[in-house]
Amino acid sequence: PMKDSVMEKLGEASTKVKEKVGLGIDDLLNLPQGAITIAVDAKVEGKFPVSILVSADAGKNQDKMMGLMKKLNEVTVKEGKDKLSTESFKSLTLHVLKSDKEDEPSLIWTNVGSVFHISISTDSAALKDVISHADGRDDSLAKSENFTKLSKKLGSGGQVLWYIDVTQIIKAGLKAA
């Protein structure tokens, strides 16, 4: 019964999403064709204590992904939930869907070819940092002692690798409280 209930709710959600943006949940999950990176970064300022960043390579589905993101812009503005603006950064267009409510996070997105970068944050600083360091950086997660030890212990070959810096989570939680 619980599985049926969950499947029914997912079906309803998929129908609602498809009505709004033209793609169901299955379609959305099949858009990325390459690597997907998800990061949560603690922020120093603001009521929203984190920036959430997603990078996804749409590969051959680049046109579908671009259509989806543009439709998201259109639907969100049409419903009066957010205001759309654009900003140029490093020859890219950042699309910013900003709420009228102060300290409410914005959805900010851009793409570099088939790779789409999406941020949920009160500002574009984290997304700009990701774009600026697309080729890597000296203080990356891969250079973290804790991450390196964990990676060696777990080995390679898994489809998904999760890493949570508990210290940062606690700091962000205390700040939000």
Gap between atom [atom2] of [Y] and atom [atom1] of [X] - 0.5 Å precision:
X	Y	atom1	atom2	value
Ile108	Glu87	CD1	CD	8.0 Å
Ile131	Leu92	CD1	CG	5.5 Å
Ile118	Leu107	CD1	CG	7.0 Å
Asn73	Trp109	CG	CH2	5.5 Å
Met66	Asn111	CE	CG	3.5 Å
Leu31	Lys60	CG	NZ	11.0 Å

If we ignore hydrogens and angles and just use 3.5 Å, is the side chain of Asn61 paired with the main-chain N or O of Pro32 as donor and acceptor?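 No.
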I'd like to know if the side chain of Gln33 and the backbone of Asp57 have a donor-acceptor N/O pair within less than 3.5 Å.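 Not a single qualifying donor-acceptor pair exists.
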What closest approach, in Å, do [X] and [Y] show between heavy atoms, and which atom pair accounts for it?
X	Y	result
Gln62	Phe116	O-CZ, 3.8 Å
Ala126	Asp123	N-OD1, 4.3 Å
Leu127	Ser119	CB-CB, 4.0 Å

Side chains of Thr76 and Asp82: any donor to acceptor distance under 3.5 Å?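 There is no such pair between these side chains.
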Any side-chain donor paired with an acceptor under 3.5 Å for Ser121 and Ser51?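 Ser51 and Ser121 do have a side-chain donor-acceptor pair below 3.5 Å.
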Kindly determine whether His117 and Val112 satisfy side-chain contact (heavy atoms from CB on, under 4.5 Å), including the steps that lead there. CA-CA 8 Å; His117 301 283; Val112 180; 4.1 Å; yes
I'd like to know whether NZ of Lys98 has more than 12 heavy-atom contacts from other residues, nucleotides or ligands below 6.0 angstrom.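 Result for NZ/Lys98: enclosed.
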Are Leu94 and Leu68 in one and the same hydrophobic cluster, where Ile, Leu, Val, Met, Phe, Trp and Tyr link if side-chain heavy atoms are under 4.5 Å apart?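 Different clusters: Leu94 never reaches Leu68 through Ile, Leu, Val, Met, Phe, Trp or Tyr contacts under 4.5 Å.
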Could you go through Ile36 and Ile38, starting from their C-alpha distance and side-chain angles, then the distance that decides it, and tell me whether this counts as side-chain contact (heavy atoms from CB on, under 4.5 Å)? CA-CA 7 Å; Ile36 299 173; Ile38 301 170; 4.2 Å; yes
Full working for side-chain contact (heavy atoms from CB on, under 4.5 Å) between Ser106 and Leu97: CA-CA 6 Å; Ser106 299; Leu97 289 163; 5.9 Å; no
In the structure I gave you, are the side-chain heavy atoms of Asp129 and His133 within less than 4.5 Å of one another anywhere?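 They are in side-chain contact.
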